[in-house]
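For reference, the structure discussed in these notes is given below.
All chains are named by letter (A, B, ...) in the order of the sequence lines, taking the proteins before the strands, and each is independently numbered beginning at 1. Note that the coordinates shown come from a computational prediction; the quantities given were computed from them, not determined experimentally.
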Amino acid sequence: MSSSAPVTTGFSPSGLNPRQREAIHYLDGPLLVLAGAGSGKTRVITEKIVHLIETCEIKPHQIAAITFTNKAALEMSERIAKRMDKSPKGLTIATFHSLGLRMVREEAKTLGYKPGFSIFDSADCLGIINELSGTTDKAKLRWLQTTISLWKNGLLSPVEAAEAAKDEEEAVAARIYRDYANSLHAYQAVDFDDLIRLPVTLLQDSAEIRQKWQDKFRHILVDEYQDTNTAQYRLLQQLTGVRASFTAVGDDDQAIYGWRGADVENLRRLTEDFPQLKVIKLEQNYRSTGKILGAANTLIQNNPKLFAKSLWSEHGPGANINVIACAEGEAEAETVIMKLQGHRFEHRAKFSDYAILYRSNHQARLFEQALRQQRIPYVLSGGQSFFDKAEIKDLLAYLRLLVNDDDDPAFIRAATTPRRGIGSQTLATLGRYAAERQISLFAAMFEEGFAAQVNSRVLQPLREFGEFINRFQWRAQRESAADVFPDLLAAIDYENWLYDQEEARTAETRWANVQEFHAWITKKSDDDGKTLAEIVQTMALMSMLERRDQGEGYDAVQLSTLHAAKGLEFGHVFLVGIEEGILPHRESQEAEKLEEERRLMYVGITRAQRSLHITWCEKRRQGKDLVPCEPSRFIEEMGCETASSASKELVDKSTSTAKLDFLKAMLQKTPEIDPEAPCPPLS
DNA sequence: GCAGATTGGATTTTT
DNA sequence: TCCAATCTGC
């Protein structure tokens, strides 16, 4: 995303091209900016915000910039802060979800929620669906979860979903959807989808609330507009109202999230719903050299287009695209590493100038292996997120319970971690009683009716736990999160419990995570003055701690899926495993899905600045035997031969290993390159 | 017959 | 890597 645009001819002194300037200055109505890959779209958004504040005298609090990820929001904030020397106070730069959270918080009462309502993550939600469906089949559960999520994102109520159900399976799912929605409300909880859906219903149903929010924002900017789903689009529509003063920035050629409900149709819808819509295309690319851009253009022309775009650049043609056929998977990994080393040596480049991109996660394995063997540092994109770690979820459960004791999933986790003599039998009995009385587990535990059903050995630990939570609830209402949290940690003796559970090494890292978590809470509480409820709710929307140091300054090859690479750029890119069945994926053969696969390839190509290598395997190991593979149709569609003349002869494992050793020996003689460069941490 | 080990297979991911 | 299915040894 960090496109440091080199200054080329034909620029205004500000370094903006005419189209960009037009997009920044246009304020007469709704605007759609079709920003091709590498055309400086983030720049346009930031400059437009600056322009609105500095020249149009719009107050920062009247502007909202909406992104999809925290990372993008953070980057935008930083860019604006840098550009204006300080962060404009009151400016909203938020993800769709955090903006939604803000609205749900402010209107919680109307929605029938208490201020401390919980936000369930997908694991919590899956647990509920599991209970309601009675299935243990994991695949089925996942299907139910995504189906319900798609319904929610499509703004379908359980009743509408039931009416639209086209078979018995979907009818069953619609019933589970209904029960699921009821459960969530009983727990005083919302899921991620609700954070968009609830504001939409709110604005739809109440003219007063609609007016209030429409008056709030005089201009709204949306990044990655092509990734919006129906609910998000409705939210935008309702927030802008008749004034329709917004800037949507997107690229239909980079729409790769259709499978999770994003609808490129929202681009066309914009032209229908806002006939006065102004469309500006950004086609000058500042990222890639000519041949790379040409291939991307040629490939994407195979997709039907609503708005035709053709990227051009002032960079020269640059290096040829290298298509390499490999004998099989391991040879591919070694070939790529060898080429990478050779290329890096030749161009005096850094490891961090290189990215290896693939369709699906497991493809990384062979490359990791080869990189480790060659002692080349690398970083893997994705990975487990901080707030998904068991130790963090444990503690979060306590905090959730303190803020909202209707939160049964949090109750169960907290009550049983660390173990305190509350077993599954006890919880089952408690659960039955609570269900009968239609109350929360927490409330049920204190009732005489429940006490009569169990003996005192069962009851005692429960009551003790209940009083424990009560005490901390009392404190949490009076004291800051920063004060309460360390006492909570001590009271449950979490550190010792960790060391009892795990090997010393893992316990150590886990405890370090807890401390990091602690520091984060302290900061939010003391520095930002956030209440515990706010902290807990914000946390649910974050995947990583906002740490920028990760990976930065560390010279390493990037391994990433194509999806995760969107928005990034690299000097030199290797697209690997570009075969039929992988890209396009064998499950994505129908027209629409195939187009999305093509866009995925397009995203991959356009990540590259200077050089692009594409590899595919003639055979791949499947069990004991090697099965033949075909090069992806996309290679020909981009106007490339499936194997470059330079490597017509297949690179097989033995020759590549020999060359690698030779290269390594050569590198060892080069003083400025350290062959013993640090390897990434093992875990 | 069962636990633990080994093998094999894998869409894509954020909030 | 991670998870599920299959195999091995008792």
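Taking the side chain of A/Lys593 as heavy atoms from C-beta on, and the options B/dT11, B/dT14, B/dA10, the nearest nucleotide is B/dT11. Taking the side chain of A/Lys138 as heavy atoms from C-beta on, and the options C/dA4, B/dT11, B/dT13, the nearest nucleotide is C/dA4. Which of C/dT1, B/dT12, B/dT15 sits closest to the side chain of A/Asn70 comes down to B/dT15.
When the nearest nucleotides of DNA chain B are assigned to A/Ile582 and A/Ala540 by heavy-atom distance, the more 5′-ward of the two goes with A/Ile582.
Evaluation of A/Trp259 against the base of B/dT12 yields a stacking contact (centre distance < 5.5 Å, interplanar angle < 30°). Aromatic stacking is marked for A/His585 over B/dT11, as both cut-offs hold: 5.5 Å for the centres and 30° for the planes.
Look at CG on A/Asp388: it is 18 Å from P on C/dT1, rounded to the nearest Å. Spacing between atom NE2 of A/His97 and atom P of B/dT14 amounts to 12 Å, rounded to whole angstrom units. If you take CZ of A/Arg365 and P of B/dT11, they are 15 Å apart, rounded to a whole angstrom. The distance from atom OH of A/Tyr602 to atom P of B/dT12 is 24 Å, rounded to the nearest whole Å. Atom-to-atom, CZ of A/Phe192 to C1' of B/dT14 comes out at 8 Å; the value is rounded to the nearest Å. As rounded to whole Å, 21 Å separates atom P of B/dT12 from atom CD of A/Glu592. Per the geometry, NZ belonging to A/Lys71 stands 15 Å off C1' belonging to B/dT15, to the nearest Å. Going from atom OH of A/Tyr257 over to atom C1' of B/dT15 covers 12 Å, rounded to whole Å.
Looking only at distances, a side-chain donor or acceptor of A/Glu596 sits under 3.5 Å from a matching main-chain atom of A/Gly258.
Between A/His563 and A/Trp259, the ring planes are perpendicular. Angles over 60° get that label, and only those under 30° would be called parallel.
Under a cutoff of 6.0 Å and an axis angle of 45°, A/Lys523 and A/Trp520 do not form a cation-pi pair. Cation-pi geometry between A/Arg599 and A/Tyr602 is not met: the NZ or CZ atom fails to fall both under 6.0 Å from the ring centre and inside 45° of the normal.
Within the structure, a side-chain polar atom (N or O) of A/Thr561 is placed less than 4.0 Å from OP1 or OP2 of B/dT13. Distances shorter than 4.0 Å separate some side-chain N or O of A/Asn361 from OP1 or OP2 on B/dT13.
Across every non-hydrogen atom of A/Ile582 and A/Glu597, the tightest pair is O-OE1, 4.1 Å.
Nucleic acid contact for A/Ser98: none, since no nucleic acid atom lies under 4.0 Å from a heavy atom of the residue.
Shown here, B/dT11 forms no base pair; nothing in the strands shown gives a Watson-Crick or G-U wobble contact with both key distances under 3.5 Å.
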